[in-house]
Amino acid sequence: MSNTKEKKYTPAAIEDKWQRYWREHGGFIATPDPDRPKYYALEMFPYPSGRLHMGHVRNYTIGDVVARYKRMRGFNVIHPMGWDAFGLPAENAAIKTGNHPAHWTYDNIAYMRGQLRQLGFSYDWQREITTCRPEYYRWEQLIFLEMLKKGLVYRKKTSVNWCETCHTVLAREQVEDGCCWRCDSEVIDREMNGWFFRISNYTEELLDGLDHLDGWPEKVRTMQKNWIGKSHGAEIEFPLKNSRETIKIFTTRPDTVFGVSFMSLAPEHPMVTELIKGYKNAAAVWEFIDRVKREKIARGPGAAEEKEGIFTGAYCINPFTGDEVPIFLANFVLMEYGTGAVMAVPAHDQRDFEFAKKYDLPIRVVITPAGETLAPETMTEAFTGAGTLCNSGKFDGSDSDEAKAAITAMAEKNSFGRARVTYRLNDWGISRQRYWGTPIPIIHCPDCGPVGVREEDLPVALPEEAILLEDGHSPLAGLDLFVNATCPECGKAARRDTDTMDTFVESSWYYARYCSPRNETSPFDKKEAAYWLPVDQYIGGVEHAILHLLYARFFTRVLRDLGYLDIDEPFKNLLTQGMVTLDGAKMSKSKGNVVDPDEMIKRYGADTVRMFILFAAPPDRDLEWVSSGVDGCYRFIARFFRFFHQHLAVIKDAAAIPKELERQNLALHRITHQTIVKVEAEMERGFHFNTAISKVMELANALYAACGEDTPPPAPEVIREAVRTIILLLSPMIPHIAEELWQEMGETDSISRAGWPKIDADATKEDEITVVLQVNGKLRGKVKVRPDTDNDELEAMARADAGIQKFTAGKTIRRVIVVKNRLVNVVAN
RNA sequence: GCGAGAGUGGCGGAACUGGUAGACGCACUGGACUUAGGAUCCAGCCCACGAGAGUGGAUGGGGGUUCAACUCCCCCCUCUCGCACCA
């Protein structure tokens, strides 16, 4: 071969050739087939922000290997891709550049689709969906209407961040230091009507379901569990002094109710107006409320540095003691949790303790810790643990856990309280005062109120001719053609709802739409969905661990209850891939530490980029982009390419493996089959691509060594088998070069249709294994023996070993432990 | 503060149910081939002592169980992530 000109590895040409081949041969189109096991591989679809970043490349590479691997294992694989195409960045870009959100979005999609093709991902492009198209969102509107009929959608007032100058609602991230990001004027808290999905109907089910999602990372399940935040406690009503009204509180510590010394209400509590009526300091209270609200907006989510409050002038009565309790407003009480009112027990709650100290309110000890006494004067912090009740009337002496039940029972008996479960999770507010989203299919009639659009009038199309206004006004509200409508019930002139849906709604059901993406009569075909769903492997970033995944789980149940699906959970297995870092930090444009996928593909080819991403770290861990590591992967591919062509002529027409192999052939044949076993195990054990690749590298190293100059080369058929196996095992990871070499070996069909290599179990058996010899657990020698050599023989060999004798000399052998096929440990002293 | 996860060579990372710690790759060092190479090939590469054979030490720290511990148990330290005034 030395005089033949060496063939060069040219990734660009090879990759282009096979991408075209797959495209022209409809390689990855999925069709239901009841006779084959299905496999649904799905990666979180991207927001078309402009171009792919390395995080996308990693996400989709992992997904593609899963899909290709499962295809080789005989599964009927569906592997779709689409675009989460509604969202705020399109509007921002429109305002900035004057480019319409639709144009901006479609341009980005076209570019990013090209990038995905260049990476060689095996998608069924016939199933591509784009959520900003009416053919998609019309079904979302239908689902909304069906949910409305079922009582799963309702309207209520909600507080929003409002910019007076821009006349618009701002998202949390659009508020900077309490001011509007665009015009810099102050943001105020405003009550607006909006639509809510009644996720609370499913809270328990969503919580219980987590226990059965054993294909999900523990971490994600815990995060969702905490997010749902279930807590058991009691609801107790404290009657107002001189009034028939009561203040309802929620507490997890009803056992401390005798220690209540004041009451804390959220500043937004609806009873505030009534409470401070006629109070001489009412003006100061209003000022306080106003200030707390402003501070809350400015600070964003999170706790204020200091606890603050103000007395309302009003009192309520502790129904257990008859004591008068002063009512305060406090900046740390949340309206969105519980009842927005808290009974304050300073001795046993740290927040109440700090508050009481600051405002000099009484501290009453009602729980005594075991073996200790507490005195309010000497306490430096609240005691929040369990103990024995005191100063609690007839409950004195009882254990705090028992007292919780007893006190709740007493409240229930006297009908001023009851046991209650409270969740942190609230209903899902979906109204967004934005343009680039799915229009909410509602018409507001002056007589009939809000009425759902008739199904035959769907979709309520987003008017694309709308012009985005510089000031951020929603263009829908100003567009008469869109707003003016007639009431579907009474026919009177009415106004369309000008809000759009939260974009999380689109991503809550897209996996079902992929099952029949062109269906024109319903959101998706029930039969197709029943065949393909649930998703067998879902892959995406942890940043979606809570919201997206929780909403999707909610939607699956809603669709089930609407009769579309017969499953409870959408994603059987979940893989959350780690982030891609450079110099130890997450890649981000603002930090300037980004690696551009296009550049990498141009320089190394998609196969090398894919291989590096898979090899550098296990999929669930962070991946540090190291260019020398990429070089290493390129080197591996190029070297194999060279080796392949040096031996092609010899192995191309080599015969099948004969039954009897000579020694020098046996070794390589054995390693080849052992490698298949190992790679298969790594793939099945949670997609450990990094170790799978390293096993193939070991085979390649063995192959190169066997064909080296100092040993007689193995027979052509054995080399051929090793080469074929390497190509097959790596084909899910580096599909282009795999196709190319596969074809050069004389194969006529695509390697993507080839099966996973078959293991010859006999071939994997070793004829000689190394047994380790130890003295007191320390390695002192090794012997090579036949597998399954019996224990007595092993022990005898160990005793005869020079190394063992050296270290047992002058000592008494106390025990000899023999582990078959592994080791002999001689215990001596 | 609460919850979860992780600490192994210069680096990324291996080690399945306890059984040769450091696979595979990168970096580095030496050599070969070369007009040259940052190409390619071969070899070495945890630390200490030693010319070498070898000996001892080593998986964040400390203790324990065991013939045997990266792996199991207890205590502590550090880092990352999530939630964060949730009553």
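Protein chains get the first letters and strands the later ones, always in sequence-line order, with residue 1 at the start of each.
- Nearest nucleotide to the Arg424(A) side chain, out of rU20(B), rG19(B), rC86(B): rC86(B).
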Pairing of RNA chain B as dot-bracket, 5' to 3': ( ) intra-strand, [ ] crossing, | other strand, . unpaired, with Watson-Crick or G-U pairs under 3.5 Å?
(((((((..(((......[....))).(((((.......))))).((((....))))..(((((..]....))))))))))))....

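- Distance Asp801(A) CG to rU20(B) P: 17 Å, rounded to the nearest Å.
- Taking atom CE of Met611(A) as the reference point, atom C1' of rG25(B) lies 9 Å away to the nearest angstrom.
- Within the 4.0 angstrom heavy-atom criterion, no nucleotide atom of any strand lies near Val826(A).
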Donor-acceptor contacts under 3.5 Å from residues 791-798 of chain A side chains, at least two apart:
from	atom 1	to	atom 2	distance (Å)
Glu795(A)	OE2	Arg799(A)	NE	3.1
Glu795(A)	OE2	Arg799(A)	NH2	3.1

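- Evaluation of the side-chain hydrogen bond (donor to acceptor under 3.5 Å, both in side chains) rule for Asp631(A) yields Tyr604(A) as partners, not counting sequence neighbours.
- For the pair Lys806(A) and rU55(B), the criterion of a side-chain N or O lying under 4.0 Å from OP1 or OP2 is met.
- Between the CE atom of Met335(A) and the C1' atom of rC85(B) there is a distance of 16 Å, rounded to whole Å.
- Remark: Trp216(A) engages no residue in a side-chain hydrogen bond (donor to acceptor under 3.5 Å, both in side chains) (not counting sequence neighbours).
- Residue Lys678(A) has no polar side-chain atom (N or O) positioned under 4.0 Å from OP1 or OP2 of rC24(B).
- Heavy-atom nearest nucleotides on RNA chain B were determined for Thr252(A) and for Glu698(A), and the one closer to the 5' end corresponds to Glu698(A).
- Residue Met697(A) has its side chain nearest to rC24(B) when only rG5(B), rC67(B), rC24(B) are considered.
- Every residue two or more places apart in sequence or in another chain that forms a ring-ring contact (aromatic ring centres under 6.0 Å, His included) with Phe641(A) is listed here: Tyr9(A), His645(A).
- No close placement of the Trp428(A) and Phe504(A) rings is indicated, their centers lying 6.0 Å or farther apart.
- No engagement by Lys225(A) is indicated, since no non-hydrogen atom pair under 4.0 Å with the nucleic acid exists.
- Closest to the side chain of Asn825(A), out of rG19(B), rG25(B), rU20(B), is rG19(B).
- Between Glu306(A) and Lys358(A) there is a salt bridge, since a side-chain N of the basic residue sits under 4.0 Å from a carboxylate O of the acidic one.
- Between Arg815(A) and Val333(A), the one whose closest nucleotide on RNA chain B sits nearer the 5' end is Arg815(A).
- A salt bridge links Glu218(A) to Arg221(A): one of the charged nitrogens lies within less than 4.0 Å of a carboxylate oxygen.
- Aromatic ring centres of Phe689(A) and Phe615(A): separated by at least 6.0 Å.
- At a threshold of 4.0 angstrom between heavy atoms, the contacts of Arg221(A) with the nucleic acid are absent.
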Walk me through whether Phe644(A) and Ile727(A) qualify under side-chain contact (heavy atoms from CB on, under 4.5 Å).
CA-CA 10 Å; Phe644(A) 177 91; Ile727(A) 296 171; 3.8 Å; yes

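- Among the protein residues, Gly229(A) comes within range of no part of the nucleic acid, since none of its heavy atoms lies under 4.0 Å from any strand.
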Scan the side chains in residues 228-237 of chain A for donor-acceptor partners under 3.5 Å anywhere in the protein, sequence neighbours excluded, and list what turns up.
from	atom 1	to	atom 2	distance (Å)
Lys230(A)	NZ	Glu204(A)	OE1	3.3
Lys230(A)	NZ	Glu204(A)	OE2	2.8
Ser231(A)	OG	Tyr337(A)	OH	2.8
Glu235(A)	OE1	Arg420(A)	NH1	2.8
Glu235(A)	OE2	Arg418(A)	NH1	2.8
Glu237(A)	OE2	Arg418(A)	NH1	3.0
Glu237(A)	OE2	Arg418(A)	NH2	3.4

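- The distance between the ring centers of Phe328(A) and Phe355(A) falls below 6.0 angstrom.
- The side chain of Ser628(A) sits closest to rC26(B) out of rC67(B), rC26(B), rG82(B).
- Less than 4.0 Å separates RNA chain B from at least one heavy atom of each of the following residues of residues 336-353 of chain A: Tyr337(A), Val342(A), Arg351(A).
- Nearest nucleotide to the Trp227(A) side chain, out of rC67(B), rA84(B), rA87(B): rA84(B).
- What separates CG of Asn821(A) from P of rU20(B) is a distance of 13 Å, to the nearest Å.
- The distance from atom CD1 of Ile804(A) to atom P of rC67(B) is 18 Å, rounded to the nearest whole Å.
- Rounded to whole Å, the distance from CD on Glu218(A) to P on rG3(B) is 14 Å.
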Interface polar pairs with nucleotides 39-45 of chain B, N/O, under 3.5 angstrom:
from	atom 1	to	atom 2	distance (Å)
rU40(B)	O3'	Arg642(A)	NH1	3.2
rC41(B)	OP1	Arg639(A)	NE	2.7
rC42(B)	OP1	Arg639(A)	NH2	3.4

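- Within 90° of 0 lies the glycosidic angle of rG9(B), which makes this nucleotide syn.
- Checked against side-chain hydrogen bond (donor to acceptor under 3.5 Å, both in side chains), Glu599(A) has no partners two or more places apart in sequence or in another chain.
- At a threshold of 4.0 angstrom between heavy atoms, the contacts of Ser231(A) are confined to the sugar-phosphate backbone, with no base atom among them.
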For Arg786(A) and Glu768(A), run salt bridge (Lys or Arg N to Asp or Glu O under 4.0 Å): C-alpha distance rounded to whole Å, both residues' side-chain angles, the deciding distance at 0.1 Å, then the answer.
CA-CA 5 Å; Arg786(A) 293 182 324 281; Glu768(A) 196 178 63; over 6 Å; no

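- Salt bridge status for Lys296(A) with Glu268(A): present, with a side-chain N to carboxylate O gap under 4.0 Å.
- Remark: Asn226(A) is not in phosphate contact with rC86(B), judged by side-chain N or O atoms under 4.0 Å from OP1 or OP2.
- Under the side-chain contact (heavy atoms from CB on, under 4.5 Å) rule, Val260(A) has a single partner from Thr251(A), Val342(A), Val345(A), Ile249(A), which is Val345(A).
- Computed from coordinates, the Asn331(A) CG to rA87(B) C1' distance equals 14 Å when rounded to whole Å.
- Spacing between atom CZ of Arg253(A) and atom P of rC85(B) amounts to 20 Å, rounded to whole angstrom units.
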N/O to N/O distances under 3.5 Å, protein versus nucleotides 12-14 of chain B:
from	atom 1	to	atom 2	distance (Å)
rG12(B)	O2'	Ala616(A)	O	2.5
rG13(B)	O3'	Asn690(A)	ND2	3.4
rA14(B)	OP1	Asn690(A)	ND2	3.3
rA14(B)	OP2	Arg621(A)	NH2	3.2

Protein-nucleotides 46-49 of chain B N/O pairs closer than 3.5 Å?
none

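- The side chain to side chain donor-acceptor pair (under 3.5 Å) pairs that include a residue from residues 575-586 of chain A are Thr581(A)-Glu624(A), where partners are two or more places apart or lie in different chains.
- Salt-bridge check for Glu682(A) with Lys678(A): failed, with every basic side-chain N at 4.0 Å or more from each acidic carboxylate O.
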